[in-house]
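The structure appears right after this line, and notes come after that.
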Amino acid sequence: MKAMRLQALLARAGVASRRRAEALIRQGLVRVNGEVAHLGQKVGPGDLVEVAGRRVEWPRERLVLALHKPRGYTTTRSDPHARRTVFELLPQVPGLQAVGRLDRESEGLLLFTNDGELLFRLTHPRYGVRKVYRVWTERGTLPEAVCRKLVEGVVLEDGPARALSCRPAQGGAILTLGEGRKREVRRMLQAVGYPVKRLLRLQVGPVRLGNLPPGRWRRLSPEEVQALLKEVGLE
């Protein structure tokens with residue numbers, strides 16, 4: 001792997017976001033080959049990089065996986081209640097982390113990566129990565145007026161929430177959100193009187209679920225990874 005700027009290395013290695021990495025360097029907490037590092041310094045695989053005395057492992061090849069999460073799996077590495085976790089469905093890859101979450105009863109597209117900076121940007125509200133959901137409700141198809149209300153915004157216990165778009169679909173609706181708060185889609189639908197019966201995530205940023213079967217995963221193509229990087233300004 002070619003040399004890169006120090007703050008980019010720390011982000012890729014999952015030590016901190018790039019902005020936080022820059023702060024660590026400015027604070028004098030990062031050393032390269034025993035010397036206090038400076039912002040913008042370039043490092044290569046042969047350099048010894050330490051943060052607060054702990055060695056930083058050179059990042060592996062960037063990997064991004066897509067999983068069709070089935071219902072009944074939790075988005076965690078271990079579950080004290082012995083429920084099934086999504087990591088049981090994936091290959092054993094060091095440093096692999098879930099990009100956001102889907103609750104146990106929800107289904108659909110989940111992304112995973114070993115790139116700390118990409119993970120940070122895909123999940124931080126500042127970058128507004130769009131997520132598309134297909135929902136079915138206990139009361140059937142959402143009327144246009146209810147869709148408009150979701151776009152205008154509803155108040156939840158942790159603050160206002162709004163859909164970027166909403167259109168009725170048979171038995172429910174298709175919604176696009178720009179953030180991913182805990183159980184946000186379900187809570188929004190509950191707030192307008194249409195409790196969710198089934199929730200399927202179709203898309204994250206430019207990546208689509210497509211015809212990936214439930215319980216199966218695939219590696220994103222180089223073109224899809226590049227599109228994700230562009231989405232969050234990491235080209």
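Note that the coordinates shown come from a computational prediction; the quantities given were computed from them, not determined experimentally.
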Check step by step if side chain to side chain contact (heavy atoms under 4.5 Å, CB included) holds for V207 and L109.
-> CA-CA 9 Å; V207 181; L109 181 62; 4.2 Å; yes
Please step through side chain to side chain contact (heavy atoms under 4.5 Å, CB included) for the pair L228 and V232, ending with a clear verdict.
-> CA-CA 7 Å; L228 269 182; V232 295; over 6 Å; no
Could you check E157 against R187 for salt bridge (charged side-chain N to carboxylate O under 4.0 Å, His left out), going step by step and ending with a plain yes or no?
-> CA-CA 9 Å; E157 62 270 21; R187 292 188 293 137; 3.2 Å; yes
Check step by step if side chain to side chain contact (heavy atoms under 4.5 Å, CB included) holds for R19 and F120.
-> CA-CA 11 Å; R19 179 172 294 183; F120 170 78; over 6 Å; no
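The closest donor-acceptor contact from the side chain of R31 to the backbone of G34 lies under 3.5 Å. At least one donor-acceptor pair under 3.5 Å links the side chain of E224 to the backbone N or O of S221. A donor-acceptor pair under 3.5 Å links the side-chain atoms of K131 to the main chain of V129, judged by distance alone. Side chain of R162 to main chain of V151: a donor-acceptor pair is present (N/O by atom type, distance under 3.5 Å, no hydrogens or angles). Counting only distance, with no hydrogens or angles, the side chain of T137 and the backbone of V196 share no donor-acceptor pair below 3.5 Å. Listed for the H68 side chain is no donor-acceptor partner under 3.5 Å among the backbone atoms of R216. Checked by atom type and distance alone, the side chain of T113 pairs as donor or acceptor with a backbone atom of L63 at under 3.5 Å. Although no hydrogens or angles enter the test, the distance criterion places no donor-acceptor pair under 3.5 Å between the side chain of R208 and the main chain of Q203.
Residues R5 and E22 are not paired through a salt bridge, judged by the lack of any N-O separation under 4.0 Å between the basic side chain and the carboxylate. Here E138 does not pair with K197 in a salt bridge; the nearest charged N to carboxylate O distance is not below 4.0 Å. Taking the charged nitrogens against the carboxylate oxygens, R121 and E117 do have a contact shorter than 4.0 Å, which makes a salt bridge.
A 6.0 Å sphere centred on CZ of R130 holds no more than 12 heavy atoms belonging to other residues, nucleotides or ligands. Heavy-atom neighbours of R126 CZ from other residues, nucleotides or ligands within 6.0 Å: above the threshold of 12. Around atom CD of E88, more than 12 heavy atoms belonging to other residues, nucleotides or ligands sit under 6.0 Å away. Heavy atoms of other residues, nucleotides or ligands lying less than 6.0 angstrom from CZ of R218 number more than 12. Counted within 6.0 Å of CZ on R181, heavy atoms from surrounding residues, nucleotides or ligands total more than 12; the atom is thus considered enclosed.
R219 forms no cation-pi arrangement with W217, by the criterion of a distance under 6.0 Å to the ring centre and an angle within 45° of the ring axis.
The two atoms that bring P70 and E107 nearest to each other are C-CG, 4.4 Å, heavy atoms only. Across all their heavy atoms, L156 and A161 have their closest contact at CD1-CB, 3.7 Å. Closest heavy-atom contact between P168 and T141: CB-CG2, 3.8 Å. Residue G100 comes nearest to T75 through the heavy atom pair O-CG2, 3.7 Å, listed as atom of the first residue, atom of the second, then distance. What you find for L142 and V146 is that their closest heavy atoms are CD2-CG1, 3.7 Å. What you find for K69 and D103 is that their closest heavy atoms are NZ-O, 3.2 Å.
In summary, the side chains of S106 and R198 do not present any donor paired with an acceptor at a separation below 3.5 Å, with no hydrogens or angles considered.
Here R20 contributes atom CZ and I25 contributes atom CD1; the two are 11.0 Å apart, rounded to the nearest 0.5 Å. Between the NZ atom of K149 and the OH atom of Y194 there is a distance of 11.0 Å, given to the nearest 0.5 Å. Distance check: E35 CD to Q41 CD gives 9.5 Å after rounding to the nearest 0.5 Å.
Applying side chain to side chain contact (heavy atoms under 4.5 Å, CB included) to D47 and the options V56, N33, L6 leaves one that passes, N33.
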